[in-house]
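Report on one structure; see the data block that follows.
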Amino acid sequence: MLEGLTAKIQAAMKKLRGKGKLSEADVKIALREVRLALLEADVSYKVVKDFIARVQNRAVGQEVMQSLTPGQHVIKIVHEELTHLMGKVVSKLEPAPRPPTVLVIVGLQGSGKTTTCAKLARYLRQKGRSPLLVAADIYRPAAIKQLQVLGGKIQVPVFDMGEKHNPLDIAKGAVKHALSQGNDYVLIDTAGRLHVDEGLMGELIQLKKDLKPHYILLVVDAMTGQDAITVAKAFQEKLTLSGLILTKLDGDTRGGAALSARAVTGCPIKFVGVGEKLDALEPFHPERMASRILGMGDVLTLIERAQESIDIKSAMELENRLKSHDFNLGDFMEQLEQVQKMGPIDQILGMLPGIGGMKKLRGLAVDDKQLERTKAIITSMTPEERHYPNIINANRKRRIARGSGTKVQDVNRLLKQFEQSKRLLRQYSQPGKGGKTANFPFLKM
Amino acid sequence: MLDNLLAQLSFRLKKTKTGLVNKIESLISGSSGLDESFFADMEEILIMADVGVEASLGFVESIRKKVQIGEIQSGKELIEQLKKQIEESLTFENSGPIGIANIPSVILVVGVNGVGKTTSIAKLANKLKEKRKRVLLAAADTFRAAAIDQLKAWAHRLHIDIISHRPNSDPAAVVFDALQALRARRLDVLIVDTAGRLHTKANLMAELEKIQRIIKREYPEALLEILLVLDATTGQNALAQARVFQKALDLTGLILTKLDGTAKGGIIIPISQELGIPVKYIGLGEDIGDLQEFSPSTFVTALFANADS
Ligand SMILES: Nc1nc2c(ncn2[C@@H]2O[C@H](COP(=O)(O)OP(=O)(O)OP(=O)(O)O)[C@@H](O)[C@H]2O)c(=O)[nH]1
Ligand SMILES: [Mg+2]
């Protein structure tokens, strides 16, 4: 659904990714593109404004400037803020202490309430519950019939009292009916209404007051534009919602309404509708959605792993040593070990999106076996050799090869790789050129 | 109904006293007056009305140029220019009411799920009936549960003939029968209700193409109008919808529904521009009388009303 948005944000993020050092201007340019992408995805103007301000604040602040990989750090901030906007995973419809659990489904006209009711009923039935559908839309012609047909398809009973009774009486009748029939969930389908329709909103307020339902769920069409916040806010203020359900996500909409509605109500998005079929209802995964928007879930995992496994202090020391041109084979090994801690190297490389920048790293030890071999070679060296590799002559090479169970060619290759890597690192560490030191060449994209 | 909209409008306009438009309008002329923040405000008004990023920036840029060359000198002129440009982009020669010609008309109504097709059809049928046209309805939404009953209920209320088959039958066959009935009964207008469908479902779009083909083949001398119904609350996706429907069908106009809410429906601006088709009607409520002929100037006034509620 969010593919278009993803491409745009990815493009903006790509510009940040390789950066060793970020200026305020870099961040501004990238965030401008993120802003436009979000607006094109129908995220509310106001929500976007707050969002960008928050990201900007963090991105040009201490947090990033002290970071080892500022570009990626900004991406991480965008991701965190997006996930934050979308909230937690709460797809559960916990049963009330005393059955039946009563749910009222509300929303604008044409948002998909009736179909959603049937889908929820099917979902609950699937979970071994015994739901009762209630036709309380007495206004739209044939709305009751529609629910009856759907109920028939999923073999869930439908309670109705025709079009002559008001929704409150119908709902009360339904709860009574459920008690006598042993239904543990009561799902009330209400008529679509505008949030500014005083009369019809009043009807729902009354329903809430007298019936005291356990859940009031607002159905929001994923294709909704800027009006989403006005609508969601009004329903929230008048009814205090317990959650949101997003419908029609099976189209090509970018679904910014999800962000808007969630942001202004603070209510969790519980489910999403992804098709007309009655099984097309899924729990909502905010984290997944945020990663999808950024199009880089795996990279984020990678950054996290790096953060967990890299000892910042030793990284700093390494940086200092590099600056003093004191980078030696011992450091090299330490670095390889850090990479290894993050997981199998091919997996790590697989997580990296743009492999373009990786050309420079070609020839470096990248497979696990070779990593092991490299480590063995380095451990077979004397501390002196590790520190001053130029003293390693043919004799020493033979000794090292023997000690590590490798061949002289392997030792040669390693020494060459080390030189390469040293040059590469120095390049990164030159002020102005790549900015901050790359303590982590494998992560540079 | 017009009174209704205007009353609503003036109410909204009153609320704008503190609004952005007011702020821009009240600017005194002068070189320092129209600075970046006003272009930003303009962008905000347009984007929040769902006009879309691209179209909004387009309008802002063209206004900015006019300011630069001195053609616009005050905030008031700026707003007037902007309104004029938008109004022009919504004005077409072939706008105006439909189904009132002296030859039989067939009106095919299409759109995604829940936008208000069936209700708009009932309203339009009622309008034509008031103009003494003899109207026939075709229930070609055989897919959605109880869709046929919904249209039948309206037909019953309006005392209008309706052609329908059983649920899940072939919609093209319904249309075929309706065309025969239109001819045989010498009626004036046939309005065809179709199932709501996401424009991304290729097979369903092909079904509509088939219906269009049948109408052209079976009744070539009839005036064919194909109207795409858009919900004013829809955001940028409406543009994607319009493009796909346009590709499959020879759309002749748009109906914009649910303007009685708080949504501005600004998305029809880029749609009208890109597709080159006019908005014919707007929906302003659920009652049978809540359908109006579209007026670009009223629409634009409403677009700028209460811009920052
Ligand atoms: N407030 C308001 N509601 C409208 C308007 N037009 C239609 N509706 C309501 O929107 C809901 C859906 O309308 P329908 O006419 O059934 O929409 P549809 O496009 O035929 O729907 P499907 O056939 O299910 O795709 C109904 O509750 C209508 O009463 C309008 O202009 N304003
Ligand atoms: Mg319909």
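Letters A, B, ... mirror the listed sequences (proteins, then strands); counts begin at 1.
Heavy-atom neighbours of B:H165 NE2 from other residues, nucleotides or ligands within 6.0 Å: above the threshold of 12. More than 12 heavy atoms of other residues, nucleotides or ligands shown are found within 6.0 angstrom of NZ on B:K129.
Closest approach of A:Q226 to B:I47, counting heavy atoms only: CG-O, 3.1 Å. Of all non-hydrogen atoms in A:K145 and B:A146, the two that sit nearest each other are CG-CB, 3.4 Å. Of all the heavy atoms in B:A40 and A:Y45, the pair that sits closest is O-OH, 4.1 Å.
The choice from A:L39, A:L194, A:D42 that makes the most heavy-atom pairs within less than 4.5 Å of chain B is A:D42. Taking chain A as the reference chain and counting heavy-atom pairs below 4.5 Å, the highest number among B:A153, B:P167, B:A145, B:G114 is found for B:A145. When each of A:A228, A:S44, A:A142 is checked for heavy-atom pairs under 4.5 Å with chain B, A:A142 comes out on top.
At a 4.5 Å heavy-atom cutoff, A:Q148 makes no contact with chain B through either its backbone or its side chain. In this structure, no portion of A:L147 lies under 4.5 Å from any heavy atom of chain B. A:D197 does not touch chain B: none of its heavy atoms, backbone or side chain, sits under 4.5 Å away. Contact annotation for B:K258: only side-chain heavy atoms (C-beta onward) come within less than 4.5 Å of a heavy atom of chain A. Of the atoms belonging to A:R193, not a single heavy atom falls under 4.5 Å from chain B.
Side chains of B:D231 and A:Q109: a donor-acceptor N/O pair is absent below 3.5 angstrom, by distance only.
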Check your understanding: For A:D250 and B:T200, what are the C-alpha separation, side-chain angles and deciding distance, and is it a side-chain contact (heavy atoms from CB on, under 4.5 Å)?
Key -> CA-CA 8 Å; A:D250 49 328; B:T200 47; over 6 Å; no

Check your understanding: Do A:K46 and B:M48 pass the side-chain contact (heavy atoms from CB on, under 4.5 Å) test, and can you show the C-alpha distance, the side-chain angles, and the key distance before you say yes or no?
Key -> CA-CA 9 Å; A:K46 287 176 177 161; B:M48 282 184 54; 3.9 Å; yes

Check your understanding: How far apart are the C-alpha atoms of B:T233 and A:D221, what are their side-chain angles, what is the distance that settles it, and do they pass the side-chain contact (heavy atoms from CB on, under 4.5 Å) test?
Key -> CA-CA 9 Å; B:T233 49; A:D221 184 331; over 6 Å; no

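Between A:K49 and B:E43 there is no salt bridge, since no side-chain nitrogen of the basic residue lies less than 4.0 Å from a carboxylate oxygen of the acidic one. A salt bridge does not link B:K264 to A:D227: none of the charged side-chain nitrogens sits closer than 4.0 Å to a carboxylate oxygen.
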